[in-house]
Amino acid sequence: MTATKLTLRRKKPESFKGDLLVSCLDQDENGKVKIRKNIAVKELKNAIALGDFQGKLNDSLLLYPTAPGKQKPSACRMLVIGFGKSHDKSLIELREKCRITGGTIAVKAAELKAERICLCLPPLNNMKGDEVVECVLEGMLLGDYRFLKYKKADRKNPAFTGIKEIVIYAPGGFKAMRHSMDKAGHVATAAKEARDMANEPGNGWTPESFAKYGRKLARRYKMRCIILGKNDLKRAKMGGILAVNKGSSEPPRMVILEHHTTRKNAETILIIGKGLTFDSGGVSLKPSAGMEDMKYDMCGGAAVLSTMRVVGEEKPDVNVVAIVPSTDNMGGSSALKPGDVIRHYGGITSEIVNTDAEGRLILADALAYGIKKFKPTCVIDLATLTGAVITGLGHHRTGLLSNSQLLVERLLAAGENSGEPLWQLPLDEEYIKQIDSDVADIKNTGGKSAGTITAAAYLQKFVGDTPWSHMDIAGTAWGFTKKSYIPSGPSGTGVRTLVDMIRNWEKFS
Ligand code: BES
Ligand code: MN
Ligand code: ZN
């Protein structure tokens, strides 16, 4: 992925000479498109007069202006994009509309193979200019995504590899605008890196790949990175991740990456992601139809490590520690078996009923270890943990389970704000009983019913009193709600929610 250059333009957009001049037009309260003088070319006026362009959200019109005189833009093409009405929308709705608009522009840019684009944004009611820039740009960068690494290059008809430069022309002060552009760039790049990791096949992205990425970020941003290998995990008695790794010839890793602020008495947010690089189910083998999708079982790990990229760039005033326990789940001859009893970090024993419920085993060690070592203010884990969350919430919302309503509120707000909605599920005593075992402290499945909740109940056994939330992203990490800025395939979900929460962090306790 090559970075897209983002620049601000003060000169008139008509004289922009790139591949595409984009003008985004909103409607007034009566639904009439608000045309802007400087790019009111004859062709656009005709289209509006005929009713062919009304300025509704996602309306688009491609023009090749020929009009002589001042009003002919220098760019060879002009794309007019509708934004609809804005006066009656909440800020949350407007942010999403902006991202959708940006995504739509990116899709058009790819069709036209437009590499240099000038983006003209209107002033909106109820939303500051720099926030419009942030969200449209975020959508545009996120929508400008493709994974071509394993495709042969076609010399005669080269594939479009992405937008090279976006020049922004919008109302607002220079400093605020530049800040918004940086924010959009950071978070979109991170989410796209998470998608890249997820798109890699199981033989292309291994536990050591997470370690390499962690070390790279640590070098670039001067963060601390500790990698625990198989022997370290043995010494620390992390029986969960070791058990899952037993059937594999690929060694496990636990990647720990730390950002420390210089501010005194800062709180610490611990984020943990499931980095299961391929889930065959192990001895409790999964059916082969669709098993290839289980290369995506590392999306939680991808999300938390990519989030650290933004943390490295922006250095927030709060400590952030990321942990990714990583292994694949294979059924080799020494694999974990149903009926086996394992001992987690910290001593809790677990009866393995189904080796395919492996995510909770690796997360349990990471939670217990991370909480003991870092004494965080709160901990959030992200995991493609259960198929049941897809049955319950489909592909539109991430499941959220927690022991802290304050943390729930923060995550719900961050999810709304970033277009990654969450939905809270209960975690009452009755569900916790479902994982009682006759032979060990707990067992790793809770029966047929409430699979998402019993999985969370398992994790909760390892967090003690620390405020904790679990995000089950099995339905949203790939195949997420179709949106212009989220192409099919892995979505990078979680990155933008975590980043929004970290950016807006206020003292927790
Ligand atoms: N990685 C899967 C969950 C999953 C399933 C994610 C489908 C995305 C799509 C997880 O490790 C798993 O296999 N969970 C089991 C748990 C069961 C055995 C209790 C499941 O959901 O079937
Ligand atoms: Mn599994
Ligand atoms: Zn899994």
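Atoms within each ligand, like the ligands themselves, are counted from 1 in listed order. In this chain, numbering begins with 1 at the start of the sequence shown.
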State the atom name: nearest N, O or S atom of [X] to the Zn ion (ligand 3).
X	value
D297	OD2
D279	OD2
E358	OE2

Minimum-distance protein heavy atom relative to [atom]:
atom	answer
atom 17 (C) of ligand 1	A357 CB, 4.4 Å
atom 6 (C) of ligand 1	A474 CB, 3.6 Å
atom 7 (C) of ligand 1	M294 CE, 3.6 Å
atom 8 (C) of ligand 1	W478 CH2, 3.4 Å
atom 16 (C) of ligand 1	R360 NH2, 3.8 Å

Atom [atom1] of [X]: over 12 foreign heavy atoms under 6.0 Å:
X	atom1	answer
K237	NZ	no
R343	CZ	no
E111	CD	yes
K113	NZ	yes

- Message: Tell me whether D297 is salt-bridged to K274, with the criterion being a basic N under 4.0 Å from an acidic carboxylate O.
- Response: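 Answer for the salt bridge query: yes.
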- Query: Taking 4.0 angstrom as the limit, do E96 and R99 come out as a salt bridge?
  - Reply: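 Salt bridge: yes.
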Answer yes or no: is there a donor N or O on one side and an acceptor on the other, between the side chain of [X] and the main chain of [Y], under 3.5 Å?
X	Y	value
T384	A474	no
E115	I163	no
T481	H395	yes

- Task: List the steps and the verdict of side chain to side chain contact (heavy atoms under 4.5 Å, CB included) for F147 and R195.
- Result: CA-CA 9 Å; F147 185 74; R195 291 177 188 169; over 6 Å; no
Would you say ligand 1 has an N or O under 3.5 Å from any N or O of [X]?
X	result
N354	no
D279	yes
T386	no
K274	yes
E358	yes

- Would you give the length of the straight line joining atom CG of N444 to atom CG of D356, rounded to the nearest 0.5 angstrom?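 The CG atom of N444 sits 9.5 Å away from the CG atom of D356.
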- D279: its N/O/S atom lying closest to the Mn ion (ligand 2) (atom name):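 Sorting the N, O and S atoms of D279 by distance to the Mn ion (ligand 2) puts OD2 first.
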- Tell me which N, O or S atom of E358 sits nearest to the Mn ion (ligand 2).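 Checking each N, O and S atom of E358, the shortest distance to the Mn ion (ligand 2) belongs to OE1.
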- Message: Within 45 degrees of the ring normal and closer than 6.0 Å to the centroid, is that where the cationic atom of K315 sits relative to Y221?
- Response: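 Judged by the rule, K315 and Y221 form no cation-pi pair.
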- Ring-face cation contact, W505 with R410, 6.0 Å cut, 45° max: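 Yes - R410 lies over the ring of W505, closer than 6.0 Å to its centre and within 45° of its axis.
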- Query: Which ligand 1 atoms, with their elements, are less than 4.0 angstrom from a heavy-atom of T445?
  - Reply: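 Selected atoms, number and element: 19 (C).
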- Task: Show which atoms of ligand 1 fall inside a sub-4.0 Å distance from at least one heavy-atom site of T384.
- Result: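 Once the distances to T384 are compared, the set is 1 (N), 2 (C), 3 (C), 6 (C).
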- Message: Just checking: D297, one of its N/O/S atoms, less than 2.8 Å away from the Mn ion (ligand 2), yes or no?
- Response: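 No, D297 does not qualify, because none of its backbone or side-chain N, O or S atoms lies under 2.8 Å.
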- Residue selection (non-hydrogen contact nearest atom 4 (C) of ligand 1) among G387, A383, G451: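 Looking at heavy atoms only, the winner is G387.
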- Query: Does some non-hydrogen atom of the protein lie less than 4.0 angstrom from atom 22 (O) of ligand 1?
  - Reply: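 There is no protein heavy atom less than 4.0 Å from atom 22 (O) of ligand 1.
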- Message: Applying a heavy-atom cut-off of 4.0 Å, say which part of D356 lies close to ligand 1: side chain, backbone, both or neither.
- Response: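 Near ligand 1, D356 shows its backbone as well as its side chain.
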- How does L385 reach ligand 1, by side chain, by backbone, by both or by neither, if only non-hydrogen atoms under 4.0 Å count?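 Backbone only.
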- Measure from the Zn ion (ligand 3) to each N, O or S atom of K274 and report whether any distance is below 2.8 Å.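 Short answer: yes, at least one N, O or S atom is under the cut-off.
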- Can the ring centroids of F278 and W205 be said to lie less than 6.0 angstrom from one another?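 No, the ring centres sit 6.0 Å or more apart.
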